[in-house]
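Notes to accompany the following structure.
So you know, we letter chains A, B, ... as the sequences are listed, proteins then strands, and number each from 1.
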Number of protein chains: 2
Amino acid sequence: MLGHGGSEPRRTRIQAAKRASIVKAALEVFSEAGYSAATLERIAEAAGISKASLLYYFPGKEAVYVAVLEDTLAFWLEPLAALDPAGEPLEEIGRYVTTKLEMSRKRPAASRLFANEILAGAPAIGGFLKGPLKELVDKEAAVISGWIAEGRLAPVDPRHLIMMIWAVTQHYADFDPQVQAVLGREAAKRRFAAARETLLAVLLEGLRPRG
Amino acid sequence: MLGHGGSEPRRTRIQAAKRASIVKAALEVFSEAGYSAATLERIAEAAGISKASLLYYFPGKEAVYVAVLEDTLAFWLEPLAALDPAGEPLEEIGRYVTTKLEMSRKRPAASRLFANEILAGAPAIGGFLKGPLKELVDKEAAVISGWIAEGRLAPVDPRHLIMMIWAVTQHYADFDPQVQAVLGREAAKRRFAAARETLLAVLLEGLRPRG
DNA sequence: GTCTATAGACGGATAGAC
DNA sequence: GTCTATCCGTCTATAGAC
C-alpha cells in the first residue's frame with residue numbers, strides 16, 4: 001500500500017540515481033504493457049542493466065511497481081490543488097483543463113500507468129484513492145460549490161464535473177491508438193490544440209452562469 | 001485481426017451454446033484482468049468446465065480473446081449510428097449521451113474489455129479502429145457539421161466532440177474503482193443518474209447555438 | 001556491484017484414458 | 001466430449017563467480 005509518508009532514504013547518491021533510472025525505465029514498460037505483461041527483463045534492458053542487477057536494487061517486481069506509482073503520484077497531484085477560490089471561476093476551470101491536458105500530452109505514460117492500475121481494480125493504490133485523493137476532490141468540490149452559491153457558475157454537481165474534466169483530458173493519453181485511428185495522423189501537438197479548443201468551448205460555455 | 005465478415009459456422013447447436021457460455025465467462029475474466037493476467041484456468045472455472053475442455057472448443061488463448069472481442073463489438077456498435085440528421089440536434093446528442101451512459105452502466109465489462117485492448121495498443125482491433133470505426137465517426141461528424149452549418153449547434157470540432165462524449169460516458173465504467181472511491185458508496189443507479197444530469201447540463205448548454 | 005547460470009513456479013498447450 | 005496427467009516455454013528470484 002502507498003502513502004506511508006517519505007520513502008526510506010537511499011544510502012548513497014549513486015544508488016539513488018540508479019534507482020531513479022530504473023524507475024524511469026519501469027514507468028515506460030509498465031505503462032505500455034500493464035503489470036502482468038511487463039517483465040523484469042524488459043525493464044532491465046530499458047534501464048541498460050541486467051535483470052540480476054535490477055534485483056540488487058529492488059527486492060522484487062512488485063517493489064519496482066510500487067516505486068513507480070509513488071514516484072508518479074507525487075508529480076501527478078501537483079496541479080490538482082490549484083483551483084483558486086478567489087479567482088474568476090471560468091478562468092480557473094479553463095486553466096485546470098488546459099493544465100491536465102498538457103500533462104496528458106507531456107506525460108502520457110504516467111496517465112496510462114494509472115489507467116492500467118485502476119482498470120485492474122486499483123489493487124495497489126485503492127487506499128490512496130479513498131484517502132488523499134478523495135480529500136482533495138472534496139476540497140476542490142467545496143470551492144466549486146462556493147462559486148455556484150455565489151451565482152458565478154452554472155449549478156452542476158461539483159464532483160461529477162471534476163470527473164468529467166479528468167475523463168476528457170486523460171482520454172487523449174490513455175486511448176491514443178483510438179484517437180489516432182479516428183482523427184488520422186495529425187501531429188500530436190496539433191491534435192492537442194484542437195482538443196483544447198473543443199473542450200474549453202463546450203465546458204466553459206456549458207458552465208457559464210445561467211442568466 | 002477482426003472484421004473478416006461472418007465467423008465460420010458451428011457444427012451443432014450444442015457446440016454453439018457451449019462456445020457462447022465460454023465467451024461469456026471469458027468476457028468477465030479478460031475485462032477484469034486484461035489479456036496477460038487472464039488465465040485459461042480462471043476462464044474455464046468461470047464457465048464451469050476444465051481447462052482441457054475449453055481448449056477443445058478453441059485452439060488457444062488468443063482465439064478465445066478474439067471471439068470475445070468479435071462478440072462484444074457487434075453489440076457495442078448498435079447504437080453508434082443513431083444520430084438522426086433530421087432531428088433536433090440537442091435532443092439527438094442528449095439521447096446519444098444517455099444511451100452511451102446506459103451502456104456503461106449495464107455492460108461495464110464490455111467497456112473495460114475495449115479499454116484494456118486500446119491501452120495495450122489495440123493489437124487485435126487496430127484494423128477495426130482505422131476502418132469501420134473511423135468511417136462511422138466520419139459519418140456522424142458529417143451530421144454534426146451539417147447542424148453547425150445550419151446554425152443549430154455551436155461551432156465545435158465534431159470529431160473531438162464525439163471523443164468527448166465517449167470519454168465522459170466510458171469513464172464511469174472503466175474507472176469505476178476511482179469513481180466509487182471519490183463519490184463514496186452510493187448505489188450505482190443513483191450515481192449514474194447524477195452523472196447523466198451533470199453531463200447533459202454541461203454538454204447541452206455548451207453546445208447550444210450562440211446567439 | 002554486476003554478471004552468468006539456474007532453481008522454482010506458473011500458465012499454455014498436448015496426450016491419452018475413459 | 002471431457003477429464004487427468006504431463007510437457008514445455010516463460011518469468012521471477014536466487015546462488016555464486018568475478
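The stretch residues 26-40 of chain B has no heavy atom under 4.0 Å from DNA chain D, so no residue of it qualifies as close. Near DNA chain D, meaning a heavy atom under 4.0 Å away, the residues from residues 47-59 of chain B are B:S50, B:A52, B:S53, B:Y56, B:Y57.
C:dA13 atom P lies 8 Å from atom NZ of B:K61, rounded to whole Å. For the pair A:R42 CZ and D:dT10 C1', the computed distance is 15 Å after rounding to whole Å. Taking atom CD on B:E41 and atom C1' on D:dC3, their separation rounds to 13 Å, with Å as the unit. D:dG1 atom C1' lies 19 Å from atom CZ of B:R13, rounded to whole Å.
Proximity of the aromatic rings of A:H160 and B:F192 is defined here by a centroid distance below 6.0 angstrom, and this criterion is not met.
Just one residue in the list B:V68, B:I43, B:T39 forms a side-chain contact (heavy atoms from CB on, under 4.5 Å) with B:V29, and that residue is B:I43.
Using cut-offs of 30° and 60° on the angle between ring planes, the pair A:W76 and A:F114 is tilted.
With A:E92 contributing its side chain and A:G87 its backbone, the two residues share no donor-acceptor pair below 3.5 Å.
Surrounding CD of A:E45 are at most 12 heavy atoms belonging to other residues, nucleotides or ligands under 6.0 Å away.
Contact between A:K134 and B:V182 at its shortest, heavy atoms only, is NZ-O, 3.7 Å.
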